Amino acid sequence: MSKKSIFEKKYTNNLNTIKEQLKNTFDINYREIDTKNGRICAIFIDNMVDNHFISENIIKPLMTVNPLPITIEQINTEVLSVNTVNMVPNIDEALLNILSGNVLLLFSFCEGICYCEARGIEQRAVEQPVSDVSIQGPKESFTEDLNVNLSLVRRRIKNPSLKVEEFRLGNFSKSDVALMYIEDHAPEELVSYIRSKIESMDEKEFIIGLNNIEETLRSRNTFVNTIGHTERPDTIASNLTEGRVCISVNGSPFFLIAPYFFIDHFTTADDYYNNKLIGSFDRILRWLAFAIALLLPGLYLALTTYHFKLVPTMLLFRVAVLRAGVPYNTIVEIFVMYFFFLILRESGIRLPSPIGQAISIFGALILGDAAIGAGLTSEITVLVVALSSICTFLVPSLFNALVAWTAIILVFTGFIGLPGYYIAFTLFVTHIAGLTSCGYPFLFPLGTLRSFKFRDIFYRQNLKDISNTILQGDDQ
């Protein structure tokens with residue numbers, strides 16, 4: 001059997017195999033081209049490619065060049081005018097490239113299969129951040145396209161030490177995952193740890209979003225986020241220079257940050273774009289808001305239920321008058337109001353922005369006023385719960401943890417007063433002190449005060465003095 005017959009047979013078998021695998025798929029296009037050398041078949045998905053690009057840079061050259069070279073290598077270098085052309089080792093890779101938005105080329109007159117990159121998927125433009133807003137900082141946010149996201153980071157770090165490792169996870173979904181770090185900044189042990197965790201996920205069927213990876217990396221059995229996430233390229237660039245590792249999945253507009261520490265929940269991008277004194281004041285305000293949200297409801301419950309003598313006399317009489325017509329215990333009253341505020345918050349998030357904001361504002365006013373008028377709660381309880389709830393918004397990444405631990409503190413306090421309050425608070429501190437983030441203590445660098453001396457933790461230091469290698473400290 002001649003070589004030409006062997007190539008013809010392989011061409012027919014490969015084409016039939018692809019058609020069988022992709023049968024009942026109406027948007028697959030099989031464009032066959034007859035040349036003097038033999039047939040060529042271009043296979044692609046209509047709605048995932050740039051059809052004009054294919055016509056001008058792939059189909060037209062193959063039809064007009066006469067005679068065509070007799071090897072794929074020569075065709076790639078002498079005929080096709082596309083940026084990316086690579087060989088495909090097997091049919092499985094060929095199918096994956098078709099489904100990824102590339103153009104597959106089968107040849108009946110030479111050995112091998114190749115693909116050309118001609119993606120034309122509609123995607124969202126780079127827009128302003130929604131969940132991590134900055135007043136003076138850049139107005140760019142990540143999109144759902146992984147390549148666009150990587151370019152936004154590379155624009156900020158033009159250094160060959162910035163490494164990007166690619167993974168394809170999920171036996172079924174074949175999701176593209178990028179692992180970013182700066183060589184010699186990120187500790188090798190950290191990179192190896194995260195790389196091994198990601199590689200261990202390859203046995204899963206579906207890897208749809210970042211949450212699959214986050215659940216693998218984060219600490220178990222805790223309400224506190226030990227892995228960070230952001231949609232801001234400048235934040236990712238900053239964390240990379242600090243020696244951290246960032247992870248993204250194609251289709252997600254967020255990056256994961258690992259490790260992520262307790263103090264990171266209190267920093268924002270505006271801290272570094274504003275005046276140092278303003279940034280420091282805002283950060284201290286967040287720490288105070290965190291303390292109020294966590295501790296105020298329990299303290300109010302303990303003082304008004306068990307420890308009246310600790311309350312000034314005039315204030316005590318005022319509280320007694322306000323609560324005179326309330327038929328429930330204070331702890332029931334607080335939990336009912338918390339339930340109302342959580343419902344309002346959830347409805348405000350799920351509804352479209354204009355409607356959600358209106359419901360949140362008017363709902364809080366109407367429900368609070370109606371609850372007081374109906375005698376279900378007192379004004380001071382509404383004030384305490386409202387202040388605590390508003391303070392949680394200043395540290396949004398800790399919202400779920402604050403709600404859960406506030407409830408735990410209230411339960412302990414409701415049973416035995418201030419002793420229960422102290423016990424619950426001690427449990428909270430012990431809990432976060434025992435957490436780790438990718439092998440690092442969650443309270444890091446608070447455990448290395450000799451080396452770091454509170455630099456850029458509770459207040460913002462001068463930008464020139466902030467360490468860019470936080471993870472390289474002496475006592476990590």
Side-chain angles (χ1 to χ4, degrees), residues 218-226 228 260-266 283-307 310-311 319 322-323 326 328-349 360 363-364 367-368 371-372 376-435 442-443 446:
R218 69 183 304 223
S219 296
R220 301 290 193 274
N221 303 320
T222 180
F223 296 104
V224 184
N225 292 330
T226 56
Y260 198 73
F261 306 119
F262 184 66
I263 61 169
D264 293 324
H265 292 284
F266 299 90
R283 188 175 299 180
I284 293 172
L285 190 64
R286 288 183 214 110
W287 282 96
L288 291 175
F290 170 79
I292 291 172
L294 180 69
L295 302 176
L296 179 62
L299 182 63
Y300 166 70
L301 175 63
L303 294 179
T304 57
T305 306
Y306 291 96
H307 308 282
L310 297 178
V311 182
V319 171
L322 293 175
R323 296 202 69 255
V326 179
Y328 308 114
N329 291 332
T330 306
I331 187 170
V332 176
E333 189 183 359
I334 293 175
F335 273 116
V336 168
M337 293 309 301
Y338 254 116
F339 181 68
F340 286 168
F341 275 101
L342 289 176
I343 289 177
L344 288 172
R345 177 185 179 273
E346 191 68 16
S347 63
I349 292 174
S360 298
L367 278 178
I372 294 171
L376 298 177
T377 185
S378 63
E379 289 93 332
I380 191 167
T381 302
V382 172
L383 175 63
V384 168
V385 174
L387 180 59
S388 176
S389 300
I390 292 172
C391 284
T392 60
F393 299 150
L394 271 70
V395 197
S397 57
L398 285 175
F399 176 83
N400 293 326
L402 282 171
V403 170
W405 277 100
T406 300
I408 292 172
I409 291 175
L410 284 171
V411 170
F412 274 75
T413 306
F415 278 109
I416 52 177
L418 281 178
Y421 179 79
Y422 298 141
I423 291 172
F425 179 69
T426 303
L427 287 175
F428 170 75
V429 175
T430 304
H431 174 69
I432 62 171
L435 295 176
F442 186 54
L443 290 183
L446 296 181

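Nothing here was measured: the structure is a model prediction, and the numbers come from that model. The figures that follow rest on heavy atoms only: side chains count, while hydrogens, waters and symmetry mates do not.
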Test side chain to side chain contact (heavy atoms under 4.5 Å, CB included) applied to Thr413 and Tyr306, step by step: CA-CA 9 Å; Thr413 306; Tyr306 291 96; 5.6 Å; no

Going through the checks in order, is the side chain to side chain contact (heavy atoms under 4.5 Å, CB included) test met by Leu418 and Leu299? CA-CA 8 Å; Leu418 281 178; Leu299 182 63; 4.3 Å; yes

Working for side chain to side chain contact (heavy atoms under 4.5 Å, CB included), residues Leu295 and Phe290: CA-CA 8 Å; Leu295 302 176; Phe290 170 79; over 6 Å; no

Test side chain to side chain contact (heavy atoms under 4.5 Å, CB included) applied to Ile416 and Ile423, step by step: CA-CA 10 Å; Ile416 52 177; Ile423 291 172; 4.3 Å; yes

Go through the steps for His265 and Tyr260 under the test ring-ring contact (aromatic ring centres under 6.0 Å, His included), then give the verdict. CA-CA 9 Å; His265 292 284; Tyr260 198 73; 5.1 Å; yes

Would you check, one step at a time, whether the test ring-ring contact (aromatic ring centres under 6.0 Å, His included) holds for Tyr300 with Tyr421? CA-CA 11 Å; Tyr300 166 70; Tyr421 179 79; over 10 Å; no

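Between the OG1 atom of Thr226 and the CZ atom of Arg218 there is a distance of 5.5 Å, given to the nearest 0.5 Å. For the atom pair CZ (Arg283) and CG (Leu288), the distance works out to 13.5 Å, reported to the nearest 0.5 Å. Taking CG of Leu427 as the reference point, atom CZ of Phe425 lies at 11.0 Å (rounded to 0.5 Å). Put simply, CG on Leu402 and OG on Ser388 are 8.0 Å apart, with the number rounded to the nearest 0.5 Å.
Put simply, the side chain of Phe442 reaches to within 4.5 Å of the side chain of Val224, judged on heavy atoms. In this structure, the side chains of Phe335 and Val411 come closer than 4.5 Å at one or more pairs of heavy atoms. Put simply, the side chain of Val384 does not reach to within 4.5 Å of the side chain of Ile334, judged on heavy atoms. A 4.5 Å side-chain heavy-atom check between Val403 and Phe223 finds every atom pair outside the cut-off.
Remark: side-chain polar atoms of Ser389 are not paired, donor with acceptor, to backbone N or O of Phe341 under 3.5 angstrom. Formation of a donor-acceptor pair under 3.5 Å by the Thr430 side chain with backbone atoms of Thr426 is found in this model. Using modelled atom types, one side-chain atom of Arg286 and one backbone atom of Phe266 make a donor-acceptor pair closer than 3.5 Å. Panel note: side chain Thr305, backbone Ala302; no donor-acceptor pair is recorded below 3.5 Å.
When the options Asn225, Thr392, Leu394 are evaluated for a side chain to side chain contact (heavy atoms under 4.5 Å, CB included) with Phe399, the one that passes is Thr392. Each of Ile409, Ile408, Leu410 was evaluated against Phe412; a single residue qualifies, Ile408, per the side chain to side chain contact (heavy atoms under 4.5 Å, CB included) test.
Around the CZ atom of Phe393, the shell of radius 6.0 Å holds more than 12 heavy atoms that belong to other residues, nucleotides or ligands.
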